[in-house]
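A short worksheet on the structure shown next.
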Amino acid sequence: MENDQDNIIREVTQTDYKYGFFTDIDTDNIPYGLNEDIIRLISGKKNEPDWMLEFRLKSYRHWLGMEMPQWAHLKIPEINYQDIIYYSAPKQRIKPGKFEDVDPQLLETFNKLGIPLDEQKLLTGMAVDAVIDSVSVKTTFKKNLAELGIIFCSMGEAIQEHPDLVKKYLGSVVPYRDNYFATLNSAVFTDGSFCYIPKGVRCPMELSTYFRINAANTGQFERTLLIADDESYVSYLEGCTAPMRDEHQLHAAVVELVALNDASIKYSTVQNWYPGDKEGKGGIFNFVTKRGMCKGKNSRISWTQIETGSAITWKYPSCVLRGDNSTGEFYSVAVTNHHQQADTGTKMIHLGKNSKSTIISKGISAGKSNNSYRGLVRVTQNAVNSRNYSQCDSLLLGDKCGAHTFPYIEVANKTSIVEHEATTSKISEDQMFYCNQRGISTEDAIGLIVNGYAKEVLNKLPVEFAVEAQKLLQISLEGSVG
Amino acid sequence: MLKIRNLSASIDGKMILKGINLDVNAGEVHAIMGPNGSGKSTLAAVLTGRNLYEITEGQVTYLGKDLLTMAPEDRARAGIFLGFQYPIEIPGVSMANFMRTAVNEIRKFKGQQPMNASDFMKLIREKIALVEIDTKLINRSVNEGFSGGEKKKNEIFQMAMLEPMLSILDETDSGLDIDALKIVANGVNMLKRPDNASIVITHYQRLLDYIVPDFVHILYDGRIVKSAGKELAVELEAKGYDWIKNHDGDE
Ligand SMILES: Nc1ncnc2c1ncn2[C@@H]1O[C@H](COP(=O)(O)OP(=O)(O)OP(=O)(O)O)[C@@H](O)[C@H]1O
Ligand SMILES: [Mg+2]
């Protein structure tokens, strides 16, 4: 038995993180470290208006007085914020705009990732914004979308071209003082995606952003802002990868969603940052603040996340249900293997009457990893007749890993109903043997069982990604027999 | 097809199989009977590669290969099927998906292409008819919430799907009503071919009225103490195991 496990573990060490390559492109880096001059430098490089620089500086000054949060069930090594490069941009030969202008080496990178940026080749009917290190390289299908009045561009461009929208909504869901990492992001964010869906428009294609960290010692701090105006609908997907490096790299993003009256936003993430090697060396520290505001009546925000990467994940996509009859949903699969740590979950803040929320969280832990669900359901006094249903399941593979559930429930009125269910299960030797006896290898059996376990969440993904996500789950768990 | 020589196995240092010898040829049906705890399920588990047991002695060859060095999934792919005494539940995995994966793994092993969806559905329908199980079970999770009888029939259904060379049925008749028993037996008989074989583990002679064995073996305290034709089962039913105990002592 011991031998079997050893063999399988050996096998895993040989399964490479598929996206671990590094592209040798010329980059425009600024010096290491963080201070007001660096922030001015970043802002200057991006040609930003004064109000943006002010926002950054006020965030930075606030951040100086903050302390790194310690409440998560995570062991976070000391991070030296002066040891990070806060801006790194691939040096483009020509300024981006037209497809032909993008550096061929960059295109090659995205091709390797399976993200063709060539519009002619892009048959999937998906608009892509590609962010490498600190800047957005290319947004596809912009013109087609513009005909519908949809704005889909990089944040940098939005600041230049749509300052009124940015000014109105940036920081309106995640204020610059919100938390340590969000405040840091507000000070140093470099790029990200911006999207606005006008009144009554149903976005006809998946919008997607792929984030890629490439350069060494850089932090990635992207900022995404997505606004769905009255009666509009959008489905948005983000994917992320990074090269394999021995050092940890910091990723601290902020995503803000705003849904106005009768609007609906579906936000899906397939997070596959480099998780570190099997000894726990390297990997991305992923400290993300994602929050959606259901601002209008009958609005809906749905988060779906498949979290398989990163050395440390600290992430709680949340919904503020301000509109009456608004709906918030959170569907999550979080996988940890080897030495990975994840503390993830959601917050559902019920402010509007008859607001509803659903939380389905599926944690899968293997190896020596730790996987925690942390969720808050708060129903305020005015949120009468609200409903929440939470289901948090943990699946353990092996006996060296941990699963933890931290539900926080606060209900301030008598007409609301909050339900919480939690289960913990294990893949048993008997189940493994039963599969083996039918000709199914242990690896495939784990894939089968894990995908069955996560089905409810996988089904929420756009179809094109469900298959990809299934494979990803199986790959992340290779060699983690219980 | 299967040659077991002096096979001994133990668990936690406790000897359970104590030198088993058995030959199974293509086209044969062997019945193994024996009191509770005599080692019948252990023998089935050792043959199919369950790693709980330590093999202390002996060899097993299957189709000319050294069976004991093969991984459990490879034994299955090479045509060994175990109908479990206690079938296992796998929540979240539908029977259809489970069987599709199994069928395709076995096809891959034989160098065949995976089966397409419509052929697969056809195969399922055909085999459902054979063992008369409720079609609804196919869309449910593997064995989850199945009744005792449904679980047993489901084992035969899987055997029908996978068309093994050597099937070992561990008390597939226990817990079945008389109609189900006939269906299961009928299924086994229909799957019988000159090139395959089965080992049927049972406590009851009544199953052997329907599945007629070529040989009956009595396993007692980890040893096969008596082998004969199908009349042995009748004799055993009449005389009980005490008879074997004494008989064993006589020799
Ligand atoms: N995992 C185990 N740990 C300890 N003892 C075991 C284990 N598995 C089997 N045994 C013991 O081995 C002996 C043989 O068990 P086995 O299940 O093979 O019997 P069997 O002949 O199939 O009995 P039954 O007719 O009741 O099914 C029993 O004494 C049993 O308790
Ligand atoms: Mg038994």
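Every chain is numbered from 1 and lettered A, B, ... according to where its sequence line falls, protein lines coming before strand lines.
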Best-contacting candidate, [options], against chain A by heavy atom pairs under 4.5 angstrom:
options	value
B/Q158, B/R50, B/R75, B/E105	B/R50
B/I80, B/L162, B/D74	B/I80
B/R77, B/M99, B/M161, B/K108	B/R77

In terms of heavy-atom proximity below 4.5 Å to chain B, should A/D444 be classed as side chain, backbone, both, or neither?
->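 Only the side chain of A/D444 comes within 4.5 Å of chain B.
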
Highest number of heavy-atom pairs under 4.5 Å with chain B: which of A/C435, A/G452, A/G439, A/S425?
->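 Counting heavy-atom pairs under 4.5 Å, the top option is A/G439.
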
Donor-acceptor contacts, no H, no angles, side chain residues 86-95 of chain B, under 3.5 Å, sequence neighbours left out:
from  : atom 1 : to     : atom 2 : distance (Å)
B/E89 : OE2    : B/K151 : NZ     : 3.2
B/S94 : OG     : B/N97  : N      : 3.0

Just wondering, do A/R438 and B/T101 contact through their side chains at under 4.5 Å, heavy atoms?
->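 Answer no - side chains too far apart.
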
So what's closer than 4.5 Å to chain A heavy atoms on B/L82: side chain, backbone, both or neither?
->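 Both parts, backbone and side chain.
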
With a 4.5 angstrom heavy-atom cut-off, could you sort out which part of B/V142 is near chain A: side chain, backbone, both or neither?
->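 It is the side chain, since no backbone atom gets that close.
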
Closest heavy-atom contact between [X] and [Y]?
X	Y	value
B/A76	A/Q437	CB-O, 3.1 Å
A/F433	B/G49	CE1-C, 3.8 Å
B/E73	A/T442	OE2-N, 4.4 Å

Above 12 or not: heavy atoms from other molecules or residues under 6.0 Å from NZ of B/K18?
->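 Atom NZ in B/K18 is crowded, with more than 12 foreign heavy atoms closer than 6.0 Å.
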
More than 12 heavy atoms from other groups under 6.0 Å of NZ on A/K368 =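 No, because the 6.0 Å sphere around NZ of A/K368 holds 12 heavy atoms or fewer from other groups.
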
